[in-house]
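Here is the structure we will look at, set down as structure tokens.
Every heavy atom of this structure was used, including side-chain atoms; hydrogens, water molecules and symmetry mates were not. Keep in mind that this is a model prediction, so the values were computed, not measured.
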Amino acid sequence: MTYLNGQRSLGTQLLLLGAIPAILMFVGLMVFFTNARLSDARQDLFDSTQKLADNLAPALEYAVLAGNHNILDEILDQAMAGSSLEWIRVTDVMGHEVGFIGGENIERWPGEETPRPGVHRFTADILQQPVELGGNSSVEWFEPDFRMSAGAVRVGSVEVAVSEQQLTERRTDILLTSGVVGISLLVFTLLLVNRISATLLEPIRALTHRVEQMNHRNYQEIEPTRARVVEVAELEDNLNQLARNLSQLQESRDQTLALSEGAREKAESASQAKSEFLALMSHELRTPLNGVLAMVDLVSEETLSERQADYLNTARQSTEDLLTLINDILDVSRLDQGKLLLENRPFNPVELAENCLASFRHTAEEHGLTLKLSRTGPWPDNPEVAGDAVRYRQVLASLLDNAIKFSNDGQVLIVMDWHQEADDCVFITCEVQDGGDGIPAEQLARVFNSFELLDSSPSRPTGGTGIGLSLVQKLVELMGGHVGLTSHAGEGSSFRFEVPFDLPCASSQVGEVPPGPDMAARPEGTTNRPAPKALVVEDNLVNQRVARTLLDRLGFDAEAVSNGQEAVELVTDQDGRYTVILMDCHMPVMDGFTAAQAIREWERRESRRQVPIIALTADALPGTEDACLEAGMNAYLAKPVRKHQLRLVLSRWVPF
């Protein structure tokens, strides 16, 4: 097992817990008892030397009184022979030396003024004891009783010197024995601590292994180890209970997943069957409808009365509406199956819009409405873009039909805007404004749902949203654009959709030669330092190219990926070298919210600097910005993104 800095195993902690007090006690007791024994030895030496002097004094009484130097020297020799004294000196009552014997290399008394270091002197008085005579007692000449009495007379003194060097050998023995005993006790204490800690560590290691198995989803119960520690035994019981609960949860989860998988397969099968049924029925219904329309056209060539012509025209219009609905159902079925492919051919968007308005002009006049087309922005003289003209016209026609259906009077205004952000790409915005009753704010989010009633009352003016607006949203998103709606009750509605298109002749459109791959435009005032890295996370290839072009013009070196999973892998592999990330919210495999959360979690785990993540989404509903910020993103931009908007947001983190 790998431990982080500052971490230790439980065994090491327990060993330290027992060793540190034992070592402190060992040192303290060693110092205390060694000093005590050395002090006792020193005191014993001084006491024995003083006792020797006290014993010599009575023995030397006769020799001093009689002046017998032979007896004096003999007594001194005997006393010196059995001891380790430095010297012995005997003086008379006047302080004159009458006898002296020294140890090795000491021939005479060193004197009072020059005592040797570490040498201690002990003195005893030589006393003449009185003689007691009695008829019944025996005569004891000069019997010493070692006590001063009123009849004792001092006749001299004996001085004995001893050196502390005698304690050296004894000190060594004391230190040696104390060290052996102390170390033995220390080793015994450590072994005892190790033994006691083993009784704790073995069940804890077993519990750790058990938890590791549970992390690998092995929830099998284990037999209790019958640990002597109550807390460990309780922990074993709790882990077994947790294993039982997790095992039950796993079984429940497996059953739930199995049921969910079965339900998902059934739902997919039902959806597949529904799509196939819709596609089949759309094709099957088209044949009789074409026959009906053909017969209506043939009948209209006959001579008819005004009423008959009106009836026939109503039948033709109803049949064409039904055919349009069938075509929409077929398109929705293809979109759900991912089989609807877009074309990429040059067309003139202005001519397409004018032709579409012309086809609806008669219907609008019948409703008392006028159709008007307006253009804003720097439109070229002959605008030409590359894309799917059929689907673009289908979207515009659906919105025109919806506007005419819900307008009471006045006009339906179509405003088209040309906004070129890059040399090879242009955004065309088309806004259809009607003069109807408008839509309440609480129902705006439901407008693009298929076949959903906005007003369920019996007196509702319309039947619901139908399938047209849902198809419009899906087609616009398939083309890389987005749809927006602005409406207020009683003030009409405004449907606005924006789609990016390629410019087939970019150089002739803008009147300049685009920069080569190594000549990306840089902001004014930039130096030759390396360009900051940017990552574009977008599943639509056209939007990818637009975002990369904008970033290149702002001085970034941009890369692009098509889903959140690729973004997370690239950010973690590149070790956080990106300066900014532009993140789409709705993508396959992994959406932008989940990707942002994964990146933030990796940054926290690796203690990395947070890379600014800017949300790019066509979802402009209330709460979208809050959801982006909660996911860890730093800012929010609604599509379409303009260069000045992107520059303003990026300026918070990157100086321009």
Side-chain angles (χ1 to χ4, degrees), residues 320-321 324 327-328 331 340 342-407 410-421 425-436 448 468-469 471-487 492-506 508-510 542 546 618 639-640:
E320 289 179 351
D321 292 341
T324 301
N327 291 333
D328 290 345
D331 288 338
L340 185 61
L342 297 178
E343 296 181 352
N344 190 25
R345 296 180 180 178
F347 70 95
N348 190 318
V350 177
E351 292 180 356
L352 182 145
E354 291 175 348
N355 293 335
C356 185
L357 261 67
S359 62
F360 280 91
R361 197 173 304 278
H362 178 70
T363 304
E365 291 175 353
E366 291 180 348
H367 285 74
L369 301 172
T370 59
L371 300 181
K372 182 179 179 181
L373 176 63
S374 175
R375 289 188 293 169
T376 61
W379 285 82
D381 295 335
N382 185 25
E384 189 176 54
V385 297
D388 195 325
V390 175
R391 298 303 173 186
Y392 190 79
R393 188 184 190 283
Q394 184 178 356
V395 171
L396 181 58
S398 296
L399 294 180
L400 278 173
D401 180 68
N402 185 77
I404 293 172
K405 182 188 303 183
F406 292 100
S407 294
Q411 69 174 4
V412 175
L413 177 62
I414 298 90
V415 181
M416 299 183 68
D417 179 72
W418 175 284
H419 184 83
Q420 185 172 345
E421 285 284 0
C425 181
V426 65
F427 285 92
I428 296 181
T429 304
C430 187
E431 185 174 3
V432 180
Q433 303 175 3
D434 62 53
F448 294 99
L469 293 181
L471 180 61
V472 164
Q473 184 182 39
K474 292 180 179 181
L475 287 175
V476 171
E477 291 178 353
L478 183 64
M479 290 187 288
H482 70 280
V483 181
L485 167 61
T486 303
S487 181
S493 302
S494 175
F495 288 86
R496 181 176 180 271
F497 69 98
E498 182 178 62
V499 178
F501 290 104
D502 291 333
L503 292 176
C505 300
S508 61
Q509 293 279 354
V510 299
V542 176
V546 171
K639 296 178 181 177

Would you name the heavy atoms of [X] and [Y] that are closest together and state the gap between them?
{"X": "Pro500", "Y": "Gly480", "value": "CD-O, 3.4 Å"}
{"X": "Ala403", "Y": "Asp434", "value": "CB-CB, 3.7 Å"}
{"X": "Pro349", "Y": "Val385", "value": "CD-CG2, 4.1 Å"}
{"X": "His482", "Y": "Val476", "value": "N-CG1, 3.3 Å"}

Do [X] and [Y] have side-chain heavy atoms sitting under 4.5 Å apart?
{"X": "Val472", "Y": "Val483", "answer": "yes"}
{"X": "Val432", "Y": "Ser494", "answer": "no"}
{"X": "Arg375", "Y": "Val350", "answer": "yes"}
{"X": "Leu475", "Y": "Val395", "answer": "yes"}
{"X": "Ser487", "Y": "Phe495", "answer": "no"}
{"X": "Leu342", "Y": "Met479", "answer": "yes"}
{"X": "Lys405", "Y": "Asp401", "answer": "yes"}
{"X": "Ser493", "Y": "Leu485", "answer": "yes"}

Considering only distance and modelled atom types, tabulate donor-acceptor pairs under 3.5 Å from the side chains of residues 357-370, sequence neighbours left out.
{"unit_1": "Ser359", "atom_1": "OG", "unit_2": "Cys356", "atom_2": "O", "d": "2.6"}
{"unit_1": "Ser359", "atom_1": "OG", "unit_2": "Arg393", "atom_2": "NH2", "d": "3.2"}
{"unit_1": "His362", "atom_1": "NE2", "unit_2": "Glu366", "atom_2": "OE2", "d": "2.8"}
{"unit_1": "His367", "atom_1": "ND1", "unit_2": "Thr363", "atom_2": "O", "d": "3.0"}

**Q.** From CA spacing to verdict: side-chain contact (heavy atoms from CB on, under 4.5 Å), Ile414, Val412
**A.** CA-CA 7 Å; Ile414 298 90; Val412 175; 4.3 Å; yes

Q) Can any side-chain N or O of Asp388 pair as donor or acceptor with the backbone N or O of Glu343 at less than 3.5 Å? A) yes

Q. Would you say the side-chain atoms of Asn348 pair up with the backbone N or O of Pro383, donor to acceptor, closer than 3.5 Å?
A. yes

Q: On the 0 to 90° scale, with breaks at 30° and 60°, tag the Tyr392-Phe501 ring pair as parallel, tilted or perpendicular.
A: perpendicular

Which distance, rounded to the nearest 0.5 Å, do you find between the [atom1] of [X] and the [atom2] of [Y]?
{"X": "Glu351", "Y": "Glu384", "atom1": "CD", "atom2": "CD", "result": "9.5 Å"}
{"X": "Gln433", "Y": "Lys372", "atom1": "CD", "atom2": "NZ", "result": "10.5 Å"}
{"X": "Leu400", "Y": "Cys430", "atom1": "CG", "atom2": "SG", "result": "7.5 Å"}

Q. Excluding sequence neighbours, so at least two apart, what forms side chain to side chain donor-acceptor pair (under 3.5 Å) with Ser398?
A. none

Q: May I have the step-by-step check of side-chain contact (heavy atoms from CB on, under 4.5 Å) for Glu431 and Asp417, ending in yes or no?
A: CA-CA 9 Å; Glu431 185 174 3; Asp417 179 72; over 6 Å; no

**Q.** Full working for side-chain contact (heavy atoms from CB on, under 4.5 Å) between Phe497 and Ile428
**A.** CA-CA 8 Å; Phe497 69 98; Ile428 296 181; over 6 Å; no

Q: Please name the residue in the list Leu396, Thr429, Leu373 that meets the side chain to side chain contact (heavy atoms under 4.5 Å, CB included) test with Met416.
A: Leu373

